[in-house]
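Here is the structure we will look at.
We count residues from 1, following the sequence as given. Scope of the values below: all heavy atoms of this structure, side chains included, with no hydrogens, waters or symmetry mates.
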Amino acid sequence: MTLQDLESGQAVTLEVNWGSLNYEIQSRVMGSNANGLLIKPFVYKGIALDLMSSQYKDMLFSIHSLNLQTERRIVWKNVNVRSVIYNEQNYYVVQVNAFQNQSSCSERRDHIRLKLNLIGQIAIDRESDYFPVRLRDISDNGISFYLDDGFDIENRNIYIHFEDVVRGNVFDLDIVCRMVREVPSGNQVMYGCKIVESGKDMLAYVCLRRMVMQALKRK
């Protein structure tokens, strides 16, 4: 799959490596041509970060997205990113070298996804009321759920609460996460999120869930 195969409006993650630091910037495809991909820039306090500035010359970039046909996470590593202005709007142009034109898999195999199929509660920010949501799966660093299309959750903390019972143990869990991918699913959208904060029981819950899954596979 090439960069130009990504669809307009599709969510992407621009990964920035700067020495020992690593950042993930959520963005969206705005268009493409033979020269590369046009995505929304990172805006801080109303100003788009100019990645062509000399102070960022040591940054390395990769771009992650989703193959909508396979629902697998893919990546283009060591891409070139530069800031441009088009129709008086700021964008980033993402380009790859010819020999790196094809994507590679970026699935995190060490983070096993565990099916949930539970009804939980979600709030888009800390001050909002919670409302019901269908949880899809969870791992030790991520969670996914289904919502109706039209929710604006990019670059915002998402608060999730749910309860479950595993091997007689009752869990009452609160999770803070951020969206890293979205996949259309009928009249809804499946949102995959990275967990940024969770309670002390989270690790025990995931471990017990994993034990149950492995036990069922052995039967």
Side-chain angles (χ1 to χ4, degrees), residues 1-17 22-44 48-49 51 59-87 89-98 100-109 111 113 122 124 133-137 139 141-158 177-196:
M1 185 172 179
T2 69
L3 270 178
Q4 285 79 2
D5 290 327
L6 295 178
E7 298 180 4
S8 182
Q10 188 170 342
V12 295
T13 300
L14 182 63
E15 181 184 3
V16 182
N17 289 282
N22 180 274
Y23 304 91
E24 289 189 350
I25 300 171
Q26 306 309 312
S27 186
R28 191 170 298 277
V29 177
M30 305 305 294
S32 64
N33 58 28
N35 295 318
L37 198 70
L38 200 67
I39 67 173
K40 292 174 61 176
F42 176 64
V43 177
Y44 179 69
L49 185 66
L51 297 180
M59 286 183 173
L60 298 175
F61 303 99
S62 297
I63 191 161
H64 300 259
S65 192
L66 198 70
N67 185 324
L68 298 180
Q69 301 300 317
T70 64
E71 294 193 8
R72 302 293 294 276
R73 185 174 160 91
I74 53 178
V75 62
W76 290 266
K77 296 182 178 180
N78 298 321
V79 298
N80 299 312
V81 180
R82 59 186 178 90
S83 303
V84 297
I85 297 177
Y86 180 71
N87 286 341
Q89 297 292 321
N90 291 290
Y91 298 98
Y92 293 154
V93 173
V94 182
Q95 297 174 306
V96 293
N97 297 322
Q100 295 175 317
N101 195 40
Q102 292 294 322
S103 64
S104 57
C105 178
S106 68
E107 291 285 353
R108 297 175 174 89
R109 294 297 184 183
H111 303 296
R113 295 175 185 172
I122 186 173
I124 304 303
V133 66
R134 181 160 61 98
L135 304 175
R136 179 178 185 264
D137 59 31
S139 70
N141 77 332
I143 189 168
S144 67
F145 52 84
Y146 295 97
L147 280 180
D148 293 336
D149 196 6
F151 282 88
D152 180 17
I153 62 176
E154 285 190 41
N155 298 312
R156 299 171 67 178
N157 282 345
I158 304 161
C177 60
R178 284 215 166 197
M179 190 267 288
V180 296
R181 63 172 177 148
E182 57 182 284
V183 183
S185 179
N187 295 326
Q188 293 189 310
V189 176
M190 189 280 288
Y191 292 97
C193 298
K194 179 180 180 180
I195 295 173
V196 297

Checklist line | Within-4.5 Å side-chain heavy-atom neighbours: Leu38 and Val29 | finding: no
Check: Mind checking whether Leu66 and Ile74 have side chains closer than 4.5 Å, heavy atoms only?
Finding: no
Item checked: Steps toward side chain to side chain contact (heavy atoms under 4.5 Å, CB included) verdict (Tyr91, Met30) -> CA-CA 9 Å; Tyr91 298 98; Met30 305 305 294; 3.8 Å; yes
Note to self: Taking atom CG as the centre, does Asn187 end up with more than 12 heavy-atom neighbours from other residues, nucleotides or ligands that are less than 6.0 angstrom away?
What the structure shows: no
Next item on the list: Would you name the heavy atoms of Leu3 and Val94 that are closest together and state the gap between them?
Entry: CD1-O, 3.9 Å
Note to self: Return the NZ to CG distance between Lys77 and Asn17, rounded to the nearest 0.5 Å.
What the structure shows: 10.0 Å
Item checked: Under 3.5 Å side-chain donor-acceptor pair for Ser32 and Gln4 -> no
Notebook entry, point to check: How long is the span from the SG atom in Cys177 to the CD1 atom in Ile158, to the nearest 0.5 Å?
Noted result: 4.5 Å
Check: For the atom pair CD (Gln26) and CG (Asn155), what is the distance rounded to the nearest 0.5 Å?
Finding: 6.0 Å
Check: Below 4.5 Å, heavy atoms only, C-beta onward: do Leu14 and Val81 meet side chain to side chain?
Finding: yes
Check: Got a second to check how far Leu135's CG is from Phe145's CZ, nearest 0.5 Å?
Finding: 8.5 Å
Note to self: Ignoring hydrogens and geometry beyond distance, is a side-chain donor-acceptor pair present between Tyr146 and Arg136 at under 3.5 Å?
What the structure shows: yes
Next item on the list: List the steps, then state whether side chain to side chain contact (heavy atoms under 4.5 Å, CB included) holds for Ile124 with Arg156.
Entry: CA-CA 7 Å; Ile124 304 303; Arg156 299 171 67 178; 3.4 Å; yes
Check: Can you find a heavy atom in the side chain of Ser27 that is under 4.5 Å from one in the side chain of Phe42?
Finding: no
Next item on the list: Calculate, to the nearest 0.5 Å, the distance between atoms CG and CZ belonging to Leu147 and Arg134 respectively.
Entry: 10.5 Å
Next item on the list: Could you tell me whether the side chain of Val79 reaches within less than 4.5 Å of the side chain of Gln95, counting heavy atoms only?
Entry: no
Notebook entry, point to check: Can Ile85 and Asn90 be said to form a side chain to side chain contact (heavy atoms under 4.5 Å, CB included), step by step?
Noted result: CA-CA 5 Å; Ile85 297 177; Asn90 291 290; 3.5 Å; yes
Checklist line | Minimum heavy-atom distance Tyr191-Met179, with the two atoms named | finding: CD2-CG, 3.8 Å
Item checked: Atom pair CD1/CZ of Ile25 and Phe61 - distance to nearest 0.5 Å -> 7.5 Å
Next item on the list: Could you tell me whether a side-chain N or O of Ser185 sits under 3.5 Å from a main-chain N or O of Gln188, the two making a donor and an acceptor?
Entry: no
Next item on the list: Could you tell me which non-hydrogen atom of Ser144 sits nearest to which non-hydrogen atom of Gly192, and how far apart they are?
Entry: CB-CA, 4.0 Å
Margin query: Taking the side chain as everything from C-beta on, heavy atoms only, tell me whether Arg178 gets closer than 4.5 Å to Cys193.
Written below: no
Check: Just wondering, do Met190 and Arg181 contact through their side chains at under 4.5 Å, heavy atoms?
Finding: yes
Next item on the list: For residues Gln10 and Ser65, determine if any side-chain heavy atom of one lies less than 4.5 Å from a side-chain heavy atom of the other.
Entry: yes
Notebook entry, point to check: Taking 4.0 angstrom as the limit, do Glu182 and Arg28 come out as a salt bridge?
Noted result: yes
Next item on the list: Kindly determine whether Ile63 and Glu15 satisfy side chain to side chain contact (heavy atoms under 4.5 Å, CB included), including the steps that lead there.
Entry: CA-CA 6 Å; Ile63 191 161; Glu15 181 184 3; over 6 Å; no
